[in-house]
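Quick notes on the structure that follows.
Note on naming: letters A, B, ... go to the chains in the order of the sequence lines (proteins, then strands), and numbering restarts at 1 for each one.
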Protein chains: 2
Amino acid sequence: MNYKKKGFVMKRTLSMVEYSGEEEVMASIAKAISHPVRIRILKLLASQQCCFTGELTEIIPMAQSTISQHLKALLDSGLIQGEINPPKVRYCINRANWLKAYSMFGGFFNADLTCRCDCR
Amino acid sequence: MNYKKKGFVMKRTLSMVEYSGEEEVMASIAKAISHPVRIRILKLLASQQCCFTGELTEIIPMAQSTISQHLKALLDSGLIQGEINPPKVRYCINRANWLKAYSMFGGFFNADLTCRCDCR
DNA sequence: TTTGTTAATCGTATATTTGCGATGAACTAT
DNA sequence: ATAGTTCATCGCAAATATACGATTAACAAA
């Protein structure tokens, strides 16, 4: 197969891998916390007075639109929730999903690693 | 500011945000497990006979080069380790880093969420 | 030496993420 | 009505991630 051939178009995926629901959910949660600024936001929301608004823009030196974008990513992951309180919006941790994530990651990393081979 | 202006070059970042070491490490671990196929690989390595090699290629319907790429990502994260055993390579969980990740995520999600506001 | 096996790496195409400024929407206050 | 505040969204640029086939490297076996 020749990529330089005129008109060649690479297929994105040849075989579609089927993932379990748990794999998909864990991956999406992990993706949500895969950026240091989102970890910082989550820590602020979890440790400070629980609820927060856009003061984040004052604490974190990033453009307002960028912060908003990260908040949206966290919202989509379900780890946080937002309450409209015009003209402000108050964000806080979504406790139910937070606990789900806790047990999910806990169960994942808590795997029994008893080794039956000679790796160190 | 006009993006169409001839010769315009956007700056990637205006203000450099400083992250703590823990934020960086957590984000990189999270990024490593932010893809379902990497979660599957980790689960296989953690649950099966601990050590594995390229049989992964037979179990997971993806190109060998793609699997190798994902293994490299996991290696870089420190969550797994590889032992060259020509012509094969045996991969397994890096126990020390695995436990570190366990306590790191555990501590993160175990935050006290006592709420001092009226969010639900 | 030649052949075969295994896995990493290269080169490419495409998709997604990340960041910014500008703008718009929703609401308050004047 | 007008002006101000707050935040989401749009449009763009650049970087990174993801997937593949082809090739290479390293070694064992013949």
Side-chain angles (χ1 to χ4, degrees), chain A residues 1-17 19 27-28 30-41 52-58 60-77 80-91, chain B residues 1-17 19 27-28 30-41 51-77 80-91:
Chain A
M1 197 159 293
N2 187 354
Y3 296 114
K4 284 128 175 183
K5 204 174 65 183
K6 194 161 53 182
F8 175 83
V9 176
M10 161 164 283
K11 276 170 282 186
R12 185 82 178 90
T13 307
L14 293 179
S15 59
M16 200 51 193
V17 183
Y19 299 110
S28 73
K31 178 166 282 183
I33 56 180
S34 72
H35 191 295
V37 84
R38 290 198 289 268
I39 290 184
R40 176 166 297 184
I41 291 173
F52 243 75
T53 65
E55 295 108 303
L56 289 171
T57 316
E58 294 162 21
I60 302 172
M62 275 183 148
Q64 178 264 324
S65 57
T66 307
I67 300 276
S68 185
Q69 215 169 5
H70 285 298
L71 285 169
K72 181 168 163 45
L74 289 172
L75 271 178
D76 291 345
S77 78
I80 68 172
Q81 62 192 67
E83 187 188 331
I84 298 173
N85 208 330
K88 300 200 173 187
V89 176
R90 174 199 272 162
Y91 288 102
Chain B
M1 198 159 294
N2 187 355
Y3 296 115
K4 284 129 178 180
K5 202 173 66 181
K6 194 160 51 180
F8 176 83
V9 177
M10 162 163 281
K11 275 170 284 187
R12 184 80 177 90
T13 307
L14 294 178
S15 57
M16 201 51 192
V17 183
Y19 299 110
S28 74
K31 178 167 282 184
I33 55 180
S34 71
H35 191 295
V37 84
R38 290 197 291 266
I39 291 184
R40 175 166 299 183
I41 291 173
C51 286
F52 243 73
T53 64
E55 294 110 305
L56 288 170
T57 316
E58 292 164 21
I59 301 177
I60 301 172
M62 275 183 149
Q64 179 264 324
S65 56
T66 307
I67 300 276
S68 185
Q69 218 169 4
H70 284 299
L71 285 170
K72 180 168 164 44
L74 290 172
L75 271 178
D76 291 344
S77 78
I80 69 172
Q81 62 193 67
E83 188 188 330
I84 298 173
N85 209 331
K88 299 200 175 187
V89 176
R90 173 200 273 163
Y91 287 103

Exercise for the section: Look at the side-chain N and O atoms of A/R38 and state whether any lies under 4.0 Å from the OP1 or OP2 oxygen of C/dT18. Expected result: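 Affirmative; the distance criterion is met.
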Problem - B/K31 side chain near D/dT16 phosphate (N/O to OP1/OP2, under 4.0 Å) - result: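 Answer is no, no contact under 4.0 Å.
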Grab the [atom1]-[atom2] distance between [X] and [N] for me, whole Å please.
{"X": "A/H70", "N": "D/dC7", "atom1": "NE2", "atom2": "P", "value": "17 Å"}
{"X": "A/L74", "N": "D/dA8", "atom1": "CG", "atom2": "C1'", "value": "15 Å"}
{"X": "B/Y19", "N": "C/dG19", "atom1": "OH", "atom2": "P", "value": "6 Å"}
{"X": "A/M62", "N": "C/dC20", "atom1": "CE", "atom2": "C1'", "value": "10 Å"}
{"X": "A/I41", "N": "C/dG19", "atom1": "CD1", "atom2": "C1'", "value": "14 Å"}
{"X": "A/L71", "N": "D/dA8", "atom1": "CG", "atom2": "P", "value": "6 Å"}
{"X": "A/I67", "N": "C/dT18", "atom1": "CD1", "atom2": "C1'", "value": "12 Å"}
{"X": "A/R90", "N": "D/dT5", "atom1": "CZ", "atom2": "C1'", "value": "18 Å"}

Practice task
List the atom of B/R40, the atom of A/V17, and the distance in Å for their closest heavy-atom pair.
Solution key: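 Heavy atoms only, the tightest pair is NH1-CG1, 4.1 Å.
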Could you list the donor-acceptor pairs under 3.5 angstrom formed between side-chain atoms of residues 57-66 of chain B and any protein atom two or more places apart in sequence or on another chain?
from, atom 1, to, atom 2, distance (Å)
B/T57, OG1, B/G54, O, 3.0

Problem - Beyond-backbone contact of A/L71 with A/I67, side-chain heavy atoms, under 4.5 angstrom - result: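 Side chain of A/L71 against side chain of A/I67, heavy atoms only: contact under 4.5 Å found.
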Practice task
For the pair A/H70 and A/H35, name the ring-plane relationship: parallel under 30°, tilted 30 to 60°, perpendicular over 60°.
Solution key: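 A/H70 vs A/H35 ring planes: tilted.
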Practice task
Could you say whether B/T66 or A/K72 is positioned toward the 5' end of DNA chain D, judged by the nucleotide with the nearest heavy atom to each?
Solution key: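 Upstream on the strand: A/K72.
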Practice task
List in chain and number order the residues that pass salt bridge (Lys or Arg N to Asp or Glu O under 4.0 Å) with A/R38, two or more places apart in sequence or in another chain; answer none if no residue qualifies.
Solution key: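 Counting only residues at least two positions away or on another chain, A/R38 forms no salt bridge (Lys or Arg N to Asp or Glu O under 4.0 Å).
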Practice task
Would you mind telling me which residue lines up with the more 5' stretch of DNA chain C, A/H35 or A/I84, judged by nearest nucleotide?
Solution key: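 Looking at DNA chain C, the more 5' nearest nucleotide goes with A/H35.
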Exercise for the section: Enter the distance from A/I39:CD1 to A/L74:CG here, rounded to the nearest 0.5 Å. Expected result: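 One gets 10.0 Å once the value is rounded to the nearest 0.5 Å.
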Practice task
Could you grab the distance from atom CZ of B/R90 to atom CD of B/E55, nearest 0.5 Å is fine?
Solution key: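 These two atoms lie 10.5 Å from each other.
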Handout entry: Of the listed nucleotides C/dC20, C/dT9, D/dC20, the one nearest the side chain of B/A63
Key =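 Comparing C/dC20, C/dT9, D/dC20 against the side chain of B/A63, the answer is D/dC20.
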Problem - B/Y91 side chain, from C-beta outward: closest of C/dA7, C/dC20, D/dA19 - result: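 Of C/dA7, C/dC20, D/dA19, C/dA7 is nearest to the side chain of B/Y91.
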Any N/O pairs under 3.5 Å between the protein and nucleotides 2-6 of chain C? List them or say none.
from, atom 1, to, atom 2, distance (Å)
C/dT6, O4', B/P87, O, 3.4
C/dT6, O3', B/P87, O, 3.3

Exercise for the section: Answer yes or no: side-chain N or O of A/Q64 and base N or O of D/dA8 forming a donor-acceptor pair under 3.5 Å. Expected result: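 Per atom types, the contact qualifies.
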